[in-house]
2 protein chains.
Amino acid sequence: MPIDSFSAGKIYRTSLSNEVVKEIRKMILTGTIKPGQRINEVHLARDLQVSRGPVREALLMLKNEGLVTHEVNRGATVSILSARDAYEIYTFRAMLEVNAIEMGLENLQDEHLQALSHLLERFAQSVQEANAEELIACDIEFHKVIVGLSKHSRLIQAHSQMDSQVGAMFLTIANELPKRVNRVVEIHQILYDALASRDKEKIIQELNMHYLSTLKELESKLKEAHG
Amino acid sequence: MPIDSFSAGKIYRTSLSNEVVKEIRKMILTGTIKPGQRINEVHLARDLQVSRGPVREALLMLKNEGLVTHEVNRGATVSILSARDAYEIYTFRAMLEVNAIEMGLENLQDEHLQALSHLLERFAQSVQEANAEELIACDIEFHKVIVGLSKHSRLIQAHSQMDSQVGAMFLTIANELPKRVNRVVEIHQILYDALASRDKEKIIQELNMHYLSTLKELESKLKEAHG
DNA sequence: AACATGAAAACTGTTAACACTTATTTGGGG
DNA sequence: CCCCAAATAAGTGTTAACAGTTTTCATGTT
């Protein structure tokens, strides 16, 4: 049962495995399957009306996103992200973004600032609509623009490899988004201003601030959730 | 046909896919299959006396190591590493190692220095024996110790994800190893001395030097090979 | 001779059945 | 009643056959 994805009239060919990846990723990020839960290939395949081959390939890809862990002869389980993981994810992303700025700030064009500005509007709107999914997408997109300035594909790839895990972190605290959410927009506004100033030291300082505060807010939640 | 790997009497269970990964990786790193060459799943499976399932899974894993690229309905191709790739690989590794030192130099124990010292001996010996494979293994191991100081698993993982690509780079210039090879040992000796001094600034400076010179030596070769 | 066209071959993507491993249940002995 | 062991069920790993796509090759036309 091969699948074609349609988008604006143009046909993009994709494999079932890739579609299954999206499906499972969504299940994990929306909490349909929960951290620590084992993933049954047969059941999942049947639910998705697909055979086990694509499911296995999809699980391998999700393993590389860090959403899933794997043991031989025991299969895949949804990753549990600890406070330590949160620390690693955010410090590493901060590190990558700081280095991206250091090596590529001169690539910052007005178009980038426009794109970021537009993202801030989407941010604000998704807050009003209490649309967590959209909020996360904006956050990820925002930081993707920053690392993109480096034009360093391996740096960019290492960064985006953690996108899903960032999404999963958000999920962990999703129940109390409303209170925190306004600060997120504020914080990104500050980052935007720093970028617009094109002052390298300032940007780097704000980046570190940004992630430090994000981490602070997250860690207490995570510790009470599961060590 | 499930396979068990034996090692020093103890039995480690592993999957066929993992064995196949090792096999294909070896083929790529020894030049049995060459950059740009397409990988035929059926032929490869037959050669390895295995079915296509494990081969496909292995190719997925090798894709994440950067040794292989993949197009839907066209299968896998051995990655071609350009001068730009060399630049990215070495600048990114340098960046990761510098940050590892910055966040984890205080974790440097005498045991680490002993291990590094031992590696320098292995280095020297593999030079004498003109054992390129061993030389590469030492180089990778040496730098693994450095990033290991960070105790930051995501940083470590991002670094080791490029190990195979470093091996592939070496391969590209393997024909003229002899001349260059003595410098490699020298350079690592300098790095070792810097580490032994525990002087953070000095270590960072030497790391940057290290990769700069490695890159210089490589780039000319790579450009003449394939853009 | 160059080019387009369509059939055939080769190859990847997917499926379903088989083999082996792990988890669970059941029954018997302490 | 609890614990252990054998039998059984459930699950992952692997294989082989089928389906659809890409590539190659031959044929006919200009």
Side-chain angles (χ1 to χ4, degrees), chain A residues 1-7 10-25 27-28 32-34 36-64 67-79, chain B residues 1-7 10-25 27-28 32-34 36-64 67-79:
Chain A
M1 186 219 262
I3 283 187
D4 280 356
S5 279
F6 293 81
S7 171
K10 193 170 174 184
I11 299 175
Y12 293 98
R13 232 186 254 81
T14 149
S15 67
L16 250 191
S17 309
N18 289 321
E19 299 300 316
V20 173
V21 166
K22 291 182 203 163
E23 216 57 45
I24 302 179
R25 189 191 292 125
M27 285 184 193
I28 295 175
T32 308
I33 42 180
K34 296 195 164 49
Q37 191 174 329
R38 276 177 72 175
I39 296 174
N40 185 312
E41 294 177 1
V42 177
H43 292 172
L44 191 54
R46 193 182 49 213
D47 290 354
L48 299 176
Q49 310 233 45
V50 148
S51 75
R52 278 178 59 220
V55 170
R56 284 178 65 82
E57 293 187 359
L59 289 172
L60 258 174
M61 300 189 219
L62 290 165
K63 182 182 167 185
N64 292 313
L67 283 188
V68 142
T69 60
H70 198 267
E71 271 176 294
V72 174
N73 281 325
R74 296 206 57 231
T77 61
V78 181
S79 298
Chain B
M1 188 216 261
I3 282 186
D4 281 356
S5 279
F6 294 81
S7 170
K10 192 170 174 185
I11 300 176
Y12 293 99
R13 228 184 260 83
T14 147
S15 66
L16 250 191
S17 310
N18 289 321
E19 299 300 316
V20 173
V21 166
K22 291 181 203 162
E23 216 57 45
I24 303 179
R25 189 191 291 126
M27 286 184 192
I28 295 176
T32 309
I33 41 180
K34 294 195 165 48
Q37 191 174 329
R38 277 175 72 175
I39 296 174
N40 185 314
E41 294 177 2
V42 176
H43 292 172
L44 190 54
R46 195 183 47 214
D47 290 353
L48 299 176
Q49 311 233 46
V50 149
S51 73
R52 280 178 58 217
V55 170
R56 284 178 65 82
E57 293 187 359
L59 289 173
L60 257 173
M61 300 188 218
L62 290 166
K63 182 181 167 185
N64 292 313
L67 283 188
V68 142
T69 59
H70 198 267
E71 273 176 294
V72 175
N73 283 325
R74 295 205 58 233
T77 309
V78 181
S79 298

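A, B, ... follow the sequence lines: proteins, then strands. Residue 1 opens every chain.
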**Nucleotide nearest B:R56 when distance is taken to its side chain, options D:dG13, C:dG13, D:dT15** = C:dG13
**Prompt:** Is a side-chain donor-acceptor pair under 3.5 Å present for B:E19 with B:T14?
**Reply:** yes
**Request:** Report yes if at least one side-chain N or O of B:S17 is closer than 4.0 Å to OP1 or OP2 of D:dT14; otherwise report no.
**Result:** yes
**Message:** If the cut-off is 4.0 Å, is B:N40 near the phosphate of C:dT12, judged by side-chain N/O to OP1 or OP2?
**Reply:** yes
**Asked** How many Å lie between CG on A:L59 and P on D:dG11, as a whole number?
**Response** 15 Å
**Asked** Does A:H43 make a side-chain N or O approach to OP1 or OP2 of D:dA10 shorter than 4.0 Å?
**Response** no
**Message:** Can you measure A:L16 atom CG to D:dA19 atom C1' for me and round it to whole angstrom units?
**Reply:** 12 Å
Can you pull every protein N or O that's under 3.5 Å from an N or O on nucleotides 23-25 of chain C?
unit_1	atom_1	unit_2	atom_2	d
C:dA23	OP1	A:R74	NE	2.5
C:dA23	OP1	A:R74	NH2	3.2

**Prompt:** Starting at CD of A:Q37 and ending at C1' of D:dG11, how long is that distance when rounded to a whole Å?
**Reply:** 15 Å
**Message:** Without decimals, in angstroms, what is the distance between B:N73 CG and C:dG13 P?
**Reply:** 6 Å
**Request:** Find the distance B:L44:CG to C:dT12:P and express it as a whole number of Å.
**Result:** 10 Å
**Request:** Determine whether B:V20 and B:I24 make a side-chain contact, defined as any pair of heavy atoms from C-beta on separated by less than 4.5 Å.
**Result:** yes
**Request:** Identify whether any heavy atom of B:I39 sits under 4.0 Å from a base atom; if not, whether one sits that close to sugar-phosphate; answer base, sugar-phosphate or nothing.
**Result:** sugar-phosphate
**Request:** Locate the shortest heavy-atom distance separating A:H70 from A:A76; write the atom from each residue and the value.
**Result:** CD2-N, 3.9 Å
**Asked** Given side chains that start at C-beta, do those of A:L48 and A:M27 come closer than 4.5 Å, heavy atoms only?
**Response** yes
**Item:** Rounded distance in Å - CD (B:E57) to P (C:dT12)
**Value:** 16 Å
**Asked** Under 3.5 Å, is there a donor-acceptor pair linking the side chains of A:T77 and A:T69?
**Response** yes
**Prompt:** Are A:L60 and B:E57 close enough that some pair of their side-chain heavy atoms sits under 4.5 Å apart?
**Reply:** yes
**Complete:** From NE2 of B:H70 across to P of D:dT22 the rounded distance in Å is 13 Å
**Message:** Does D:dT15 have its OP1 or OP2 closer than 4.0 Å to a side-chain nitrogen or oxygen of B:R52?
**Reply:** no
**Close side-chain approach of B:K34 and B:V78, heavy atoms under 4.5 Å** = no
**Request:** For B:E41 and D:dA16, give me the distance from atom CD to atom C1', rounded to whole Å.
**Result:** 14 Å
